[in-house]
Amino acid sequence: MKDEILKKQYTVTQKLTISGVVIAMYIVIMYLTQNFAFGQYQIRIATSIYALTAIFPFLILPMGLSNMLSNILMGSLGLPDMIGGFFVGILTSYAVYMIKKNNLNDWLISIPIILFPGLIVPIWLSFLLKIPYYLLAISVTVGQIIPGIVGVVLVKQLRNRI
């Protein structure tokens with residue numbers, strides 16, 4: 001069943017439709033959770049959606065776009081945060097896809113969702129906010145634990161329904 005989902009062929013229209021819906025979901029979730037998504041621990045529930053690339057690999061680029069759009073609309077930290085968010089979204093989503101492509105345990109999906117934003121985002125945030133990298137890395141990584149777990153649960157639940 002797992003391999004069937006990864007091998008299922010979607011039309012361009014289906015891919016664009018699913019991508020648009022997922023981008024919209026990401027933005028709406030970020031909007032509804034922005035009071036703690038941009039805080040000290042940055043609990044970005046929306047990043048749990050990165051896990052969907054385990055089911056829909058074509059979402060890798062849209063995940064980067066989603067992150068960039070949310071940083072444009074709500075982040076207010078400028079170009080480094082927009083561009084950085086774009087690349088972290090793509091990198092994280094690609095890592096999730098590779099975990100599933102290699103038929104590894106679903107719980108491993110949580111690792112890139114937790115560690116990539118947690119360790120990469122603080123690189124530019126420390127510069128922009130004038131806060132030591134290690135403090136930001138700890139707080140962002142801790143904040144990503146919940147989205148990492150939610151992402152795995154999301155994949156497990158959706159896989160059974162598709």
Side-chain angles (χ1 to χ4, degrees), residues 1-34 36-38 42-121 123-124 140 143-162:
M1 178 71 171
K2 292 179 189 178
D3 292 333
E4 292 173 23
I5 292 170
L6 287 176
K7 292 178 183 173
K8 182 176 178 180
Q9 297 297 314
Y10 294 94
T11 67
V12 172
T13 303
Q14 289 171 322
K15 288 178 181 179
L16 286 172
T17 303
I18 293 168
S19 296
V21 168
V22 169
I23 289 170
M25 282 180 10
Y26 188 99
I27 299 297
V28 168
I29 292 169
M30 281 301 296
Y31 179 77
L32 294 174
T33 62
Q34 66 183 316
F36 54 86
F38 292 100
Q42 293 201 9
I43 303 170
R44 287 189 166 203
I45 299 299
T47 60
S48 61
I49 296 175
Y50 291 159
L52 291 178
T53 57
I55 300 171
F56 304 108
F58 58 85
L59 287 175
I60 294 170
L61 180 61
M63 290 293 87
L65 292 171
S66 298
N67 194 318
M68 183 177 73
L69 286 171
S70 73
N71 286 344
I72 289 169
L73 298 171
M74 295 164 260
S76 72
L77 287 177
L79 199 56
D81 198 34
M82 293 174 215
I83 294 170
F86 174 75
F87 286 112
V88 168
I90 289 173
L91 183 63
T92 304
S93 299
Y94 182 74
V96 167
Y97 163 70
M98 291 306 293
I99 287 167
K100 288 319 299 168
K101 182 179 179 194
N102 290 301
N103 293 315
L104 300 174
N105 187 294
D106 284 342
W107 285 102
L108 293 175
I109 290 170
S110 65
I111 293 173
I113 294 173
I114 294 168
L115 293 182
F116 287 16
L119 299 176
I120 299 171
V121 171
I123 292 170
W124 63 84
V140 176
Q144 284 299 117
I145 292 171
I146 293 170
I149 293 168
V150 170
V152 173
V153 172
L154 180 66
V155 166
K156 288 179 170 287
Q157 292 301 307
L158 285 177
R159 186 184 304 120
N160 295 331
R161 289 168 173 52
I162 295 178

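This one's a predicted model, so the numbers in the text were calculated from it and none came from an experiment. Numbers here simply count residues along the sequence, with the first being 1. Atoms considered below: every heavy atom in the structure, side chains included; atoms not considered: hydrogens, waters and symmetry mates.
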Handout entry: Q144 side chain to I113 backbone, donor-acceptor under 3.5 Å
Key = yes
Exercise for the section: Evaluate the side-chain proximity of L69 to M82: yes if any heavy-atom separation is below 4.5 Å, no if none is. Expected result: no
Handout entry: Side-chain (T92) to main-chain (G89) donor-acceptor, under 3.5 angstrom
Key = no
Handout entry: Shortest non-hydrogen contact from P112 toward P117
Key = O-CD, 3.2 Å
Fill in the blank from the handout: Rounded to the nearest 0.5 angstrom, the CD1-CG distance for I72 and L77 is 12.5 Å
Problem - S19 backbone acceptor or donor facing K15 side chain under 3.5 Å - result: no
Handout entry: Contact summary for I43 and P147, nearest pair of heavy atoms
Key = CG2-CD, 4.4 Å
Problem - pair V22-M63: side-chain heavy atoms closer than 4.5 Å - result: yes
Exercise for the section: Measure the CZ-CG distance between R159 and L52 for me, rounded to the nearest 0.5 Å. Expected result: 11.5 Å
Problem - Near-ring test F116/Y50, centroid separation under 6.0 angstrom - result: no
Handout entry: Exam field: side chain T53 to backbone S93, donor-acceptor pair closer than 3.5 Å
Key = yes
Handout entry: Closest non-hydrogen atom pair, S70 against Y26
Key = OG-CE2, 3.6 Å
Exercise for the section: Calculate, to the nearest 0.5 Å, the distance between atoms OG and CD1 belonging to S110 and I145 respectively. Expected result: 9.5 Å
Practice task
Flag yes if more than 12 heavy atoms outside F86 fall under 6.0 Å of its CZ atom; otherwise flag no.
Solution key: yes
Practice task
Go through the steps for F87 and I120 under the test side chain to side chain contact (heavy atoms under 4.5 Å, CB included), then give the verdict.
Solution key: CA-CA 10 Å; F87 286 112; I120 299 171; over 6 Å; no
Practice task
Answer yes or no: is there a donor N or O on one side and an acceptor on the other, between the side chain of N71 and the main chain of D81, under 3.5 Å?
Solution key: yes
Fill in the blank from the handout: Closest non-hydrogen contact found for G151 with A51 is O-CB, 3.3 Å
Fill in the blank from the handout: Paired with K156, the side-chain contact (heavy atoms from CB on, under 4.5 Å) test is passed by just one of L158, L154, V153, V152, namely V152
Completion exercise
CG of N102 to CG of L108, rounded to nearest 0.5 Å, is 10.5 Å
Practice task
Check I109 against A54 and note the closest heavy-atom contact, atom names and distance.
Solution key: CD1-CB, 3.9 Å
Completion exercise
Output for pair (S66 OG, I23 CD1), nearest 0.5 Å, gives 4.5 Å
Practice task
Calculate, to the nearest 0.5 Å, the distance between atoms CG and OG1 belonging to N67 and T47 respectively.
Solution key: 8.5 Å
Problem - Any side-chain heavy-atom pair of Y10 and T17 under 4.5 Å - result: no
Problem - Donor-acceptor pair, side chain of Q14 and main chain of T11, under 3.5 angstrom - result: yes
